[in-house]
2 protein chains.
Amino acid sequence: MNYTIRQAAEKFGLEPPTLRYYEKEGILSPRKTETGIRIYSEEDMDQLEMVCCLKATGMSIKDIRRYFDLCAQGDSTVEERLEIFNQQRLHILKQIETLQKNLAKIDCKIAWYKGKHHIK
Amino acid sequence: MNYTIRQAAEKFGLEPPTLRYYEKEGILSPRKTETGIRIYSEEDMDQLEMVCCLKATGMSIKDIRRYFDLCAQGDSTVEERLEIFNQQRLHILKQIETLQKNLAKIDCKIAWYKGKHHIK
DNA sequence: CTAACTCTTAAAGTTAACTTTAAGTCAATA
DNA sequence: TATTGACTTAAAGTTAACTTTAAGAGTTAG
């Protein structure tokens, strides 16, 4: 099934100009009708899902582009791509760890405020 | 114990200009010598630690400022401050959840790449 | 058939959070 | 005493990731 730019954007909570921006940055290239209108295929949607996943875990547009450039280069880059995902995996684990540490600080502060609240 | 701007910055992995920037934004105000040199007290350092915690969990400089403005207003704002922390707590939990979902996707991709790697 | 809507492009504008620069003062060392 | 290095200020510059604008073309409803 195919999607218009509006439908594709909506599916991932993005705006159409954002998809055009991604395209300009070289990380997405849907086919176009003779009159220049973009058509997003299932494959494009899968790619866009990966873009959102990498973006949500802190990868820059530039590095996401680098990943898709490697994909386009074919099987010779499989190991390098695997390495990118291994790195991203570690990066995510570190982010979760940092958030949990800060959550503990916040919880501590909440406990303190609750105490203060009772005294009041 | 007191800290120079350099020492204070280093303790939190920041640069001196960043601390001056925070000060300009109204979220930190160390005392100064007669000649204008900043001196960070333990209390300033505690405050800076909270700035880093809130920043690391996604709060904007503007909202961090708002929190410290409430602190400066005294006990009447305790409940509002507690609410800020409760919200931030939920925000952190949501971030962790999102990261975990994306981690699962990445792990899936890694498994796929490892399979492909073996076939090669 | 015309009005309203959605698409197109290229380019300029926005925002947050710094970061750098320029010009200068102050403290300590050779 | 001269110079080196850390501090100061205000203001301009940077970067990423959009977002908005302007001008125009194709599509659909009445």
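Each chain gets a letter, A, B and so on, in the order its sequence line appears, and its residues count up from 1.
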Taking the minimum atom-to-atom distance to the side chain of [X], which one of [options] wins?
{"X": "K32(A)", "options": "dA17(C), dT9(C), dT19(C)", "answer": "dT9(C)"}
{"X": "R20(B)", "options": "dT8(C), dC7(D), dC7(C)", "answer": "dC7(D)"}
{"X": "I61(A)", "options": "dT19(C), dA6(D), dA17(D)", "answer": "dA17(D)"}
{"X": "E15(B)", "options": "dT19(C), dT19(D), dC26(C)", "answer": "dT19(C)"}
{"X": "T18(B)", "options": "dC18(C), dT8(D), dA6(D)", "answer": "dC18(C)"}
{"X": "I37(A)", "options": "dC18(C), dC7(C), dT8(D)", "answer": "dC7(C)"}
{"X": "T35(A)", "options": "dC7(C), dT8(D), dG26(D)", "answer": "dG26(D)"}
{"X": "P17(A)", "options": "dT19(D), dT8(D), dT8(C)", "answer": "dT19(D)"}
{"X": "Y21(B)", "options": "dC7(D), dT19(D), dC18(C)", "answer": "dC18(C)"}
{"X": "S60(B)", "options": "dC7(C), dA6(D), dA17(C)", "answer": "dA17(C)"}

What is the distance, to the nearest angstrom, from the [atom1] atom on [X] to the [atom2] atom on [N]?
{"X": "Q7(B)", "N": "dA6(D)", "atom1": "CD", "atom2": "P", "value": "12 Å"}
{"X": "I5(A)", "N": "dT27(D)", "atom1": "CD1", "atom2": "P", "value": "16 Å"}
{"X": "L19(A)", "N": "dA17(D)", "atom1": "CG", "atom2": "C1'", "value": "14 Å"}
{"X": "L14(A)", "N": "dT19(D)", "atom1": "CG", "atom2": "C1'", "value": "13 Å"}
{"X": "E23(A)", "N": "dA17(D)", "atom1": "CD", "atom2": "P", "value": "18 Å"}
{"X": "E25(A)", "N": "dA10(C)", "atom1": "CD", "atom2": "P", "value": "14 Å"}
{"X": "R65(A)", "N": "dA16(D)", "atom1": "CZ", "atom2": "P", "value": "14 Å"}
{"X": "R66(B)", "N": "dA16(C)", "atom1": "CZ", "atom2": "C1'", "value": "19 Å"}

*Taking for each residue the nucleotide of DNA chain D with the nearest heavy atom, is it M59(A) or R38(B) whose nucleotide lies nearer the 5' end?*
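So the residue in question is R38(B).
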
*So which one's nearest nucleotide on DNA chain D is more toward 5', K24(A) or T4(B)?*
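Result of the comparison: T4(B).
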
*Between Y22(B) and dC18(C), is there a side-chain N or O to OP1/OP2 distance below 4.0 Å?*
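Yes, such a contact exists.
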
*asked:* OP1 or OP2 of dT6(C) versus the side-chain N and O atoms of R6(A): is any pair under 4.0 Å?
replied: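 For dT6(C), OP1/OP2 do not have a side-chain N/O of R6(A) under 4.0 Å.
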
*asked:* I need the single residue from I64(A), T77(A), L70(A) that forms a side chain to side chain contact (heavy atoms under 4.5 Å, CB included) with I84(A). Which is it?
replied: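 Among I64(A), T77(A), L70(A), the one that satisfies the side chain to side chain contact (heavy atoms under 4.5 Å, CB included) with I84(A) is L70(A).
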
*Near E43(A) CD, under 6.0 Å, is it more than 12 heavy atoms from other residues, nucleotides or ligands?*
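Atom CD in E43(A) is not packed in, count stays at 12 or less.
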
*For atom CD of Q73(A), is the number of surrounding heavy atoms from other residues, nucleotides or ligands below 6.0 Å larger than 12?*
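Yes.
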
*asked:* Is any side-chain heavy atom of E23(A) closer than 4.5 Å to one of P30(A)?
replied: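 When only atoms from C-beta onward are counted, E23(A) and P30(A) do touch, with a gap below 4.5 Å.
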
*Hey, are E10(B) and R6(B) close enough for a salt bridge, meaning a charged N less than 4.0 Å from a carboxylate O?*
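Looking at E10(B) and R6(B), the cut-off is not met.
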
_Could you check whether any side-chain N or O of T57(A) sits under 3.5 Å from a backbone N or O of C53(A), counting only pairs where one atom can act as donor and the other as acceptor?_
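Side chain of T57(A) to backbone of C53(A), a donor-acceptor pair under 3.5 Å: yes, one is there.
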
